[in-house]
Colleague: 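Just dropping this structure here.
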Amino acid sequence: MSYSAILLVGGMGTRLQPLTLHTPKPMLPVAGVPFTEHQICKARDAGINEIVLATSFKAELFEPYFGDGSNFGISIKYAVEKEPLGTGGAIRNAAAMLSGQGPVAIFNGDVLSGHDLAAQLAFHESQSADLTLYLTEVGDARAFGAVELDSDHRVFAFNEKMENPPTNIINAGCYTFNREVIASIPDGRVVSVERETFPQLLMSGARVFGYVDRSYWLDIGTPAALLKASQDLISGRAHSAATPQNNGEFLALPGASVSSSAVISQGTVIGADVVIEDGVHLSGCIVGNGARIGARAQLTNSFIAPGASVAKAAIADSQFFGYNE
Ligand code: GDD
Ligand code: MG
């Protein structure tokens with residue numbers, strides 16, 4: 001069976017500023033490739049053969065990189081919202097561009113997960129579900145959708161971002177939707193699946209199931225989380241078919257020049273054509289293409305913009321270099 005998918009990549013990425021001033025969140029590099037590439041490869045490897053990117057904020061930056069998808073082994077199309085339609089409106093709008101039949105896998109565009117997507121799709125079919133939510137468990141569910149389910153994995157309540165969540169089981173941001181459910185989302189207006197569609201489906205008695213998978217899960221919506229995702233992919237704590245070859249300590253892209261006296265560690269990514277001078281220490285950093293790091297600089301958990309220069313002997317922890325121009 002082949003499946004269709006929609007990737008929600010229209011959000012503003014406000015919590016990631018200044019990284020998202022010129023780049024939408026899903027196009028930010030994580031372990032050397034745009035974050036979206038990890039999700040596209042995951043979808044492809046689970047048997048999905050077409051995916052529509054639901055874009056809005058900085059929509060024009062996706063297609064030049066991903067094209068028609070032929071370089072990635074999957075058909076890619078683009079549904080652009082002039083004004084953001086919310087998660088539900090985006091799904092309804094993008095679904096019009098899908099050609100296949102059958103259930104649709106839908107991804108939040110900012111989640112790195114090790115969950116078994118093929119198993120989620122099979123679970124959806126085996127339950128004859130209308131909608132299946134991938135769920136995971138977190139220590140603090142307040143920033144997420146907290147989901148209540150019975151012993152048969154049937155969902156009976158969905159609580160988006162509440163102060164006292166009744167459970168630590170959360171919406172992990174990957175759904176399987178039957179086409180009829182997508183068709184029931186109102187057309188042409190802003191709709192939130194979390195605040196409108198899911199509660200309505202539950203009220204109407206629809207078959208909504210939770211697929212619980214506690215493997216690696218991370219929402220990359222903050223700078224610290226984005227760095228962690230990149231570091232985890234390089235150290236091997238997380239896995240993606242899209243991560244370029246590396247030595248487990250760092251990743252250096254083609255054309256990078258790294259002094260033999262530099263010490264690079266903790267999943268640092270060194271972009272293409274970067275120059276790292278003598279005696280530099282980099283730990284857990286993301287260095288954009290064409291940047292230059294001056295001799296003896298010591299940087300930890302920091303972002304260096306493409307083309308930026310860091311002064312000799314600079315010392316920084318959790319800083320941004322060159323993003324405000
Ligand atoms: N196309 C489009 N249009 N995409 C959108 C829009 C829109 O109007 N609004 C949001 N998105 C995309 C974002 O780009 C992101 O990929 C995804 O939808 C989810 O939006 P976020 O803004 O990241 O939501 P969140 O992280 O606060 O909460 C969501 O994710 C949690 C898991 O990470 C919710 O789905 C929660 O229930 C969930 O627990
Ligand atoms: Mg998010």
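Whatever order the structure lists ligands and atoms in, that order sets their numbers, starting from 1. Here the structure is a predicted model, which means the values were calculated and not measured. Just so you know, residue 1 is the first one in the sequence shown, and it goes up from there.
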Colleague: Do D152 and Q127 get their side chains close enough for a donor-acceptor pair, meaning under 3.5 Å?
Modeller: no
Colleague: Aromatic rings F177 and F198: how do their planes relate, parallel, tilted or perpendicular, breaks at 30° and 60°?
Modeller: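 Judged by the thresholds at 30° and 60°, the geometry between F177 and F198 is tilted.
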Colleague: Can you sort out which atoms of ligand 1 are near F144, meaning under 4.0 Å from one of its heavy atoms?
Modeller: 31 (C), 32 (C), 39 (O)
Colleague: Can you tell me which residue and heavy atom of the protein come closest to atom 14 (O) of ligand 1, and the distance to 0.1 Å?
Modeller: G11 N, 2.8 Å
Colleague: Looking only at side-chain N and O atoms, does T176 offer a donor or acceptor that is under 3.5 Å from a partner on Q120?
Modeller: yes
Colleague: Could you say whether the N/O atoms of P84 and ligand 1 ever approach to under 3.5 Å?
Modeller: no
Colleague: Which atoms of ligand 1 are found less than 4.0 Å from any heavy atom of K25?
Modeller: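 Heavy-atom distances to K25 below 4.0 Å select 23 (O).
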Colleague: Please check if a non-hydrogen protein atom sits closer than 4.0 Å to atom 25 (P) of ligand 1.
Modeller: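 Given the 4.0 Å cut-off, atom 25 (P) of ligand 1 counts as touching protein heavy atoms.
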Colleague: Looking just at side-chain N and O atoms, do Q17 and Y323 make a donor-acceptor pair shorter than 3.5 Å?
Modeller: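 Short answer, no.
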Colleague: Would S4 and R179 count as a side chain to side chain donor-acceptor pair (under 3.5 Å) here? Give the steps.
Modeller: CA-CA 11 Å; S4 306; R179 302 255 174 167; 3.2 Å; yes
Colleague: How are the rings of H115 and Y134 set to each other: parallel, tilted or perpendicular (split at 30° and 60°)?
Modeller: parallel
Colleague: So, regarding E81 and ligand 1 (criterion: nitrogen or oxygen to nitrogen or oxygen, under 3.5 Å), is there a contact or not?
Modeller: yes
Colleague: Please work out which of G86, C174, G145 has its closest non-hydrogen atom nearest to atom 7 (C) of ligand 1.
Modeller: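 Residue with the shortest heavy-atom distance to the ligand atom: G86.
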Colleague: Is it true that R92 and D187 have a side-chain N and a carboxylate O under 4.0 angstrom from each other?
Modeller: yes
Colleague: Return yes or no for this condition: an N or O of S56 is under 3.5 Å from an N or O of ligand 1.
Modeller: no
Colleague: Of A172, S113, G10, which has the heavy atom at the shortest distance from atom 2 (C) of ligand 1?
Modeller: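 Looking at heavy atoms only, the winner is G10.
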Colleague: D219: which N/O/S atom is nearest the Mg ion (ligand 2)?
Modeller: OD2
Colleague: Heavy atom of K161 under 4.0 Å from ligand 1?
Modeller: yes
Colleague: For W217, take its heavy atoms, then give the atoms of ligand 1 lying under 4.0 Å from any of them.
Modeller: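 In order of number, 32 (C), 33 (O).
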Colleague: Evaluate the ring planes of Y65 and F72, with Trp represented by its six-membered ring, and classify them as parallel (under 30°), tilted (30 to 60°) or perpendicular (over 60°).
Modeller: tilted
Colleague: Determine which of the N, O or S atoms in D110 is closest to the Mg ion (ligand 2) and give its atom name.
Modeller: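 Going by distance to the Mg ion (ligand 2), the closest N, O or S atom in D110 is OD2.
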